[in-house]
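This report refers to the structure that appears directly beneath it.
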Amino acid sequence: MLTCVALNRKHPWTSILVFVAIVIASSGLVMVHLINQGASEQWPDNNAAWIAPKWTVESSGKLPLTREDYAHLRRAGFHELAAFVHYTGPLYFEHTGSTPSGLSLLAVDTAALPWKPASFPVFSPLSEKSARIWAHPQTARLIEEQSLLTDDAAPLPVLEVSAASLPKHMLVMDIADFFTASRTTEKYPLTGLAVTSSLPESRQRALRNLLPTHLQLKRSSTIESGGTLGDSFKLSLWALGVLMMVVCMFIVVNALHLMLRFRLYTLLKLRQLGIGVTTLSTSVTLEMLFLGLTASSVGMVLGILLTQQLAPGINQTFTNVLETKFILLPINPWQLMSITWAATALVITAITYVPIRQLQRNLTGRGPGRQRPADRWLKGATVLLCSSALLTTILAKSPAWALISIALTLLAGTGVMLLFMPHLLKLCAQFIPAGWPLAHWSIASTLQLSKQTRLAVCAFFIALTANIGMTVMVDSFRQATDSWLQARIIAPFYLAAPLPVTEPPPAGISLFERLQASAIHRGHSVELRSLPADSRFQSSVQIEPDGGVDWPRFDTGEQAVINQQLAFRFHLSAGDSLPMQLNDGTHISPVIGGIYVDYGNPNSQVLLNARLIESSRDPVYRYAIWYGTPATLNDLTEWLNHAAPGGELFDSEALRKLSMEEFERTFVVTNHLNIITLAVAGLSFMISVALLGQQTSAQLSLLRSLGVSTLKLRLSVLIQYGTLCLFAALMAMPFGLLLCWLLINKVNRYAFHWIYPVSVDSALLMQAILTSIGIMLMVLCIPAARLNGRLDLRNTRVL
Amino acid sequence: MLTLHSVTKQFPHQPHPILNRLDFSLPQGHSASIQGPSGSGKSTLLTLIAGFDKPDSGVIRLNELMLSDMDEHAADKFRRQHLGMVFQAYNLLDCFNVWDNVTFTARLKGNFTPNYATELLGKLGLSDLRLRPVAELSGGEQQRVAIARALCHKPTLVLADEPTGNLDEETAAQVSRHLFTLCNQTHTSLVVVTHNQSVAQLATKQWQLLHGQLVAK
């Protein structure tokens, strides 16, 4: 052990490399764990998670949920429960008797709500006697000052406060104000108890144990789409986490390999002095475990700090893509430490095994001199990995299997690269003119370098493959979204009005209303959107494959078109019927006329004729507007001022720009993680070549002795590194494209239920490759610049 | 003609100069062997002649070239153009095969002629090994490759630092015979630093390095 300590003092870089590699790996693990934990406890993006709780306590059907049950559970310490009544009966305007369509009422125990951010409506404290009802501003305008009645003719409190964070179809009030002489708990029993904060498994178990037999803890179905997306986000994050883990694994193994390589001579001397192989191996393993546990503790702290820094960015992604909020939960350091330590100890023990075995072989004298069947082993492993990758790709029908196929493809790629790299380098060497001996040496020694830095090259290859794959995927998505936006946003203006526009437009202005509603198909929530019977709208819908929609039948309501997400979720295709239950209870069953692409929309959506959803439409008023001779833009705005007061007018270009800006924001986290992975791989490569540089210094000294100048030598070394990176990049290119295909056609297909065409922009591809090589070369300039130009004849003796 | 005049070299923290006003001359095409105890300054002397380092004082000249005054760039050029080196540990470029190693210096200098390289390989008995990776060769074969490399670019001077130090007696005799014969045939000056008396005896003139001075034997 003392010798190990002394060796650490002599070659601190090798231990530092291992330390850094473990710190990076464990901080990555902690970050992924914390982010995923937060993602599991996401909240709908309305600052009012209680509206759509993830968990609810509800009656199992035999007996109703009572106030006593509620009080009993709260007294038992479950303060995260808030009672609510979801009134789904009709609501009437007191004066007119008319019914505002699509409105529902939620009465909740506001005193039990745990937190109220600034934008959240401030519910009336109990001391304040005036009852209130809250609604979205648009809904509030619809109700105005009118009083609403429930089906028993009991009036609801007058609307006083509006909050943008509430859903448009929902009115919210305090449960104490809901119950009156006529609205009793007997008539309107509690619908459930909403769990208003996170509910860890241990807490779930405790709650289940406490519940009387007539109550059950249910995972709510009301946030189905959000929950699915949370899982999808977790999936993609785990994908990146796994990617980083694979890269870090290579880095740690590489670091270990280098460390043991440096120690071999000393350990051999110790062996000659009579110290047993087992003692030496045990000392090295114990040292590694010590290093691992120390580094993982540092990594844990770093991971926590980084997660806290990243939280706003992740939140932005959640808000943009998932329409939910990311919550960074309170951190339990002991739990986190035990996870990190256990993972590190496990991984260190597993990955130390191979280098230790090699060390043991070398120490017992069985290693050197005997030709290792490494190539045969590599060929066998590569064939096996390629076959497995192919098989899992063909058979993958779920996100988990898609990720497994990606991991196998990456590993198969490293095998193929390691097999082909020597042949490519030899081929390259043949094309170097005889008059360029130094270039010839650079390429020839690159082959050696590639063997010595094999693991670091693998890490770089994986990072680069992932970078290419992600870049092409994001760009394909960008292009698909852009063309989709170009096709879908066809009108020059769009109007979001608080109330229906009833006034007929003047000549030259045409107004098309886009109705919105929701329905249930096979227990799954589906968005409904009307599509006007106009060729401009119908041709803007990108049906894939082209054609197939019988638009006259669509206009009569016989047919509908569905988005890819819905089609993939339920394996629907054109010609199938689509039975749905609308909000007002009516059933429709149009025939699917075609499937359209709907990038960026996580929800299932159906486009159909307006008459089918008129009765159950949401109180949302969206219009597409064209204007032309004789009307001018001034005429349009003037008309809108009185026809749609309070309405917001968007021009199509601004809308497209806004959408694309949101798109770019969505990939901020992914892009950053990508670059971090690449930088980590670059760092590992740099330390590897810096360490190996000590071994190759004799060769370089020899070249100096043969008359090669220091500058040329540095350039040659940089060419070596560059060639290695370039060839790794060339090999990474096809695998990056394959990865992109897998991400789109497997991960996106099964996690997000959409696919889009892979579009390869050669300029962007080259940019990604050159940027990656550029980053690597910038990092590798350091060891190249540190090359000692001084000549020492004695140095060449160690050759 | 290689001439060293009053060359002095002292390393920091050492009480005495390792080379002290040393004088030496070697006519073109002649050979010299230098012997001496370990630490006497033999390798330092070669280092100064090769232009790896500069003397504290004195002059080193090879024909018209003033080696002791050359800057780094000129020293690099000198080594490329005029110098061949043979090392104790062979010091071959292990990523190359025999042919690439042998022709490397000639290609670097720009006077590569395949026929001459083939002839050298033939004379050194390496014709059959030309495409073999050097790592697969025996010590004697590797040193013969090193000799071929040192001569392939037709240098004016060859410096050999313990060229037989890693070889057995029989192989050492064979290798040194090759070295001296080829230098003689190509009219190349040769300076050999060695502990081996039988190798030293092959040189035109034998020297002993003692107390920083060369003494003729």
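Naming convention: chains lettered A, B, ... in sequence-line order (proteins, then strands); numbering from 1 in each chain. No hydrogens, no waters, no symmetry mates; every other heavy atom, side chains included, goes into these values.
Atom OH of B:Y116 has more than 12 neighbouring heavy atoms from other residues, nucleotides or ligands inside a 6.0 Å radius. More than 12 heavy atoms of other residues, nucleotides or ligands shown are found within 6.0 angstrom of NE2 on B:H195. Residue B:Q197 qualifies as enclosed at atom CD: its count of foreign heavy atoms under 6.0 Å is above 12. Shown here is B:K54, whose NZ atom has more than 12 heavy atoms of other residues, nucleotides or ligands within 6.0 Å.
In this structure, B:R107 and A:L438 have side chains that are not in contact, with every pair of non-hydrogen atoms separated by 4.5 Å or more. At a threshold of 4.5 Å between non-hydrogen side-chain atoms, the residues B:F87 and A:S705 count as touching.
Ring centroids of B:F104 and A:H440 are separated by 6.0 Å or more, keeping the two rings apart.
For B:D76 against A:V708, the heavy-atom pair with the smallest separation is OD1-O, 4.0 Å. What you find for A:L706 and B:L108 is that their closest heavy atoms are O-CD2, 3.6 Å.
For the set B:R80, B:R149, B:Q81, B:K109, the entry with the most heavy-atom pairs within less than 4.5 Å of chain A is B:R80.
Residue contact with chain B, scored on non-hydrogen atoms closer than 4.5 Å, involves the side chain of A:L703 exclusively.
Listed by first and then second residue, the side chain to side chain donor-acceptor pair (under 3.5 Å) pairs that reach into residues 426-438 of chain A come to none, sequence neighbours excluded.
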